[in-house]
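Fair warning: this is a prediction, and the values are worked out from it, not measured in the lab. Residue numbers start from 1 in every chain, and the chains themselves are labelled A, B, ... in the order their sequence lines are given, proteins ahead of strands.
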There are 2 protein chains.
Amino acid sequence: MPAKSLPSIAARKATADGLIRDAGARLTSPRSAVLTLLLAADHALTHQEITDTLSVDLAVDRVTVYRVLEWLVEQGLAHRIAGEDRVWRFSVSRGKGAGARHDHRHAHFACTQCGQTFCLGDMPADVKMKLPAGFRTETVELTLRGVCSHCR
Amino acid sequence: MPAKSLPSIAARKATADGLIRDAGARLTSPRSAVLTLLLAADHALTHQEITDTLSVDLAVDRVTVYRVLEWLVEQGLAHRIAGEDRVWRFSVSRGKGAGARHDHRHAHFACTQCGQTFCLGDMPADVKMKLPAGFRTETVELTLRGVCSHCR
DNA sequence: GGCTTCCTGCAACTCATTTGCATGAGTGTG
DNA sequence: CACACTCATGCAAATGAGTTGCAGGAAGCC
């Protein structure tokens with residue numbers, strides 16, 4: 001076996017299953033499969049990418065995938081990203097332990113070529129804008145658009 | 001008549017018609033009506049808002065509105081904003097005279113209550129993020145999410 | 001007024017996402 | 001270990017924004 005330092009699929013599945021258990025919910029194969037996939041992904045995945053990948057060795061209904069994703073977001077295990085193409089992308093919420101809610105303080109990078117979206121590190125804290133009177137900011141969303149390393 | 005200092009509808013229509021003429025295109029009532037509406041709006045309008053408003057005194061086909069909006073964006077007279085609800089919003093491109101293209105350097109504010117989106121001033125120039133190797137940024141998108149003055 | 005070309009309106013379509021409902025599978029209990 | 005009680009899944013059908021093809025209509029130019 002190759003001297004890979006990356007977590008194996010099995011390890012990721014174990015992580016995924018643990019997270020699902022910790023959420024106090026039933027451990028089902030669709031949940032496990034989707035979360036394992038998200039944990040292994042290097043970029044935010046669309047619903048389509050997920051169903052396509054899963055269909056190779058496990059038939060999961062499209063609707064179920066939608067519901068699993070929705071549930072993951074509710075649990076704070078993943079977050080959804082809106083893009084220019086009106087398609088949701090999903091990525092695990094990393095940092096701050098398991099149920100890291102509100103970790104939406106990081107920026108995103110969207111490749112205009114391949115459409116892939118990546119999570120970046122925390123955004124600069126100094127994104128303060130002067131607002132019209134009466135406006136109150138709750139969250140800030142920062143998306144860089146350009147060409148990713150794979151497409152240049 | 002009230003001592004309004006805001007441009008009258010007639011004046012806006014004149015502005016709209018001038019902009020359309022300057023673009024070297026035919027002046028048609030759908031184009032004029034849509035652009036007049038956008039010029040008068042204090043927030044970015046959805047396709048739905050536009051057709052609903054127009055239908056009061058001028059029947060314009062949904063598809064035509066879509067095409068007019070697309071055309072306005074192509075001409076640099078308007079820009080389209082993607083939101084969380086997978087609906088495009090359109091706003092006139094202000095500043096730098098008529099055909100102000102690339103004025104996408106401003107931030108947006110999206111109200112989580114009513115869904116309305118507003119254009120803010122220029123974003124802080126210092127939104128530089130460290131990117132993974134090989135990534136090249138072309139445009140930056142900054143959206144503040146919170147409660148607008150009307151909803152608080 | 002007549003011509004040419006671009007624009008509009010209509011109908012039908014695409015495609016991501018959602019909803020309703022009946023069946024089926026986890027999980028705690030006896 | 002079987003049983004029941006939910007909760008989750010699968011299927012079918014619906015929703016809703018946005019798109020496409022095509023034929024008729026109207027701006028702009030002479």
Side-chain angles (χ1 to χ4, degrees), chain A residues 13 16-37 44-55 57-75 77-90 110 115 117, chain B residues 13 16-35 37 44-55 57-75 77-90 115 117:
Chain A
K13 177 160 176 3
D17 292 359
L19 290 169
I20 294 167
R21 277 260 149 70
D22 291 351
R26 290 185 187 166
L27 179 58
T28 63
S29 41
R31 282 179 180 167
S32 176
V34 171
L35 186 48
T36 301
L37 208 53
L45 301 179
T46 63
H47 168 269
Q48 179 117 66
E49 287 176 295
I50 293 170
T51 43
D52 286 357
T53 307
L54 290 188
S55 67
D57 43 29
L58 172 71
V60 181
D61 191 72
R62 304 172 27 258
V63 177
T64 301
V65 173
Y66 276 117
R67 287 199 265 235
V68 167
L69 289 168
E70 184 185 14
W71 178 82
L72 288 171
V73 171
E74 275 169 13
Q75 299 304 311
L77 291 172
H79 62 275
R80 64 163 48 161
I81 310 163
E84 293 278 307
D85 57 1
R86 315 190 327 115
V87 172
W88 293 117
R89 278 157 226 277
F90 298 84
T117 298
Chain B
K13 176 159 175 7
D17 291 359
L19 290 169
I20 294 166
R21 278 259 150 70
D22 291 350
R26 290 185 188 168
L27 178 58
T28 63
S29 41
R31 280 179 181 167
S32 176
V34 171
L35 186 49
L37 209 53
L45 301 178
T46 62
H47 168 269
Q48 178 117 63
E49 287 176 294
I50 294 170
T51 42
D52 286 357
T53 307
L54 289 187
S55 67
D57 42 30
L58 172 70
V60 180
D61 191 71
R62 305 172 339 95
V63 178
T64 301
V65 174
Y66 275 118
R67 287 198 265 234
V68 167
L69 289 169
E70 185 185 14
W71 178 81
L72 288 171
V73 171
E74 275 170 13
Q75 300 303 312
L77 292 171
H79 62 277
R80 64 164 48 164
I81 310 163
E84 292 278 306
D85 56 2
R86 315 190 327 114
V87 172
W88 293 117
R89 277 157 226 277
F90 297 84
T117 298

Undergrad: List in chain and number order the residues that pass salt bridge (charged side-chain N to carboxylate O under 4.0 Å, His left out) with A/D61, two or more places apart in sequence or in another chain; answer none if no residue qualifies.
TA: none
Undergrad: Distance under 4.0 Å to a non-hydrogen atom of chain A counts as contact; along DNA chain D, which nucleotides mark the start and end?
TA: D/dT6 to D/dG18
Undergrad: Throw together a table of side-chain donor-acceptor distances under 3.5 angstrom for residues 23-36 of chain A, partners on residues two or more places apart or in other chains.
TA:
{"unit_1": "A/R31", "atom_1": "NH1", "unit_2": "A/R26", "atom_2": "O", "d": "2.9"}
{"unit_1": "A/S32", "atom_1": "OG", "unit_2": "A/K13", "atom_2": "NZ", "d": "3.0"}
{"unit_1": "A/S32", "atom_1": "OG", "unit_2": "A/D17", "atom_2": "OD1", "d": "2.7"}
{"unit_1": "A/T36", "atom_1": "OG1", "unit_2": "A/S32", "atom_2": "O", "d": "2.6"}

Undergrad: If the condition is side chain to side chain contact (heavy atoms under 4.5 Å, CB included), which residues does B/Y66 pass it with, not counting sequence neighbours?
TA: B/H47, B/R62
Undergrad: Could you tell me which residues satisfy salt bridge (charged side-chain N to carboxylate O under 4.0 Å, His left out) with A/D52, sequence neighbours excluded, listed by chain and number?
TA: none
Undergrad: Using a heavy-atom cut-off of 4.0 Å to chain B, what are the terminal contacting nucleotides of DNA chain C, in 5' to 3' order?
TA: C/dT5 to C/dT17
Undergrad: Starting at the 5' end of DNA chain C, which residue's closest nucleotide do you reach first, B/S29 or B/V63?
TA: B/S29
Undergrad: Starting at the 5' end of DNA chain D and moving along, which residue's nearest nucleotide shows up first, B/R86 or B/R67?
TA: B/R86
Undergrad: For A/L72 and A/Q75, run side-chain contact (heavy atoms from CB on, under 4.5 Å): C-alpha distance rounded to whole Å, both residues' side-chain angles, the deciding distance at 0.1 Å, then the answer.
TA: CA-CA 5 Å; A/L72 288 171; A/Q75 299 304 311; 5.8 Å; no
Undergrad: Under a 3.5 Å distance rule, please check whether B/T64 uses its side chain to pair with a backbone N or O of B/V60 as donor and acceptor.
TA: no
Undergrad: Apply side chain to side chain contact (heavy atoms under 4.5 Å, CB included) to B/E70 and list each qualifying residue two or more places apart in sequence or on a separate chain.
TA: B/R67, B/E74
Undergrad: Please classify the nucleic acid contact of A/T28 as base, sugar-phosphate, or nothing, using heavy-atom distances under 4.0 Å.
TA: sugar-phosphate
Undergrad: Closest heavy-atom contact between B/A82 and A/G83?
TA: CB-O, 3.9 Å
Undergrad: How sharply is the helix from C/dG1-D/dC30 to C/dG30-D/dC1 bent, taking the axes over five pairs at either end and rounding to 10 degrees?
TA: 30°
Undergrad: Contact between A/F90 and A/V73 at the side-chain level, heavy atoms closer than 4.5 Å - yes or no?
TA: yes
Undergrad: Below 4.5 Å, heavy atoms only, C-beta onward: do A/L69 and A/V65 meet side chain to side chain?
TA: yes
Undergrad: Checking all strands, does B/W88 fall into the base, sugar-phosphate, or nothing category for heavy-atom contacts under 4.0 angstrom?
TA: sugar-phosphate
Undergrad: For a quick test of reading the model, state the closest non-hydrogen atom pair linking B/T117 to B/R89 and the distance between them.
TA: OG1-CD, 3.2 Å
Undergrad: What is the nucleic acid contact for A/R62, judged by heavy atoms within less than 4.0 Å: base, sugar-phosphate only, or nothing?
TA: base
Undergrad: Toward the 5' end of DNA chain D, which comes first, A/D61 or B/F90, by nearest nucleotide?
TA: A/D61
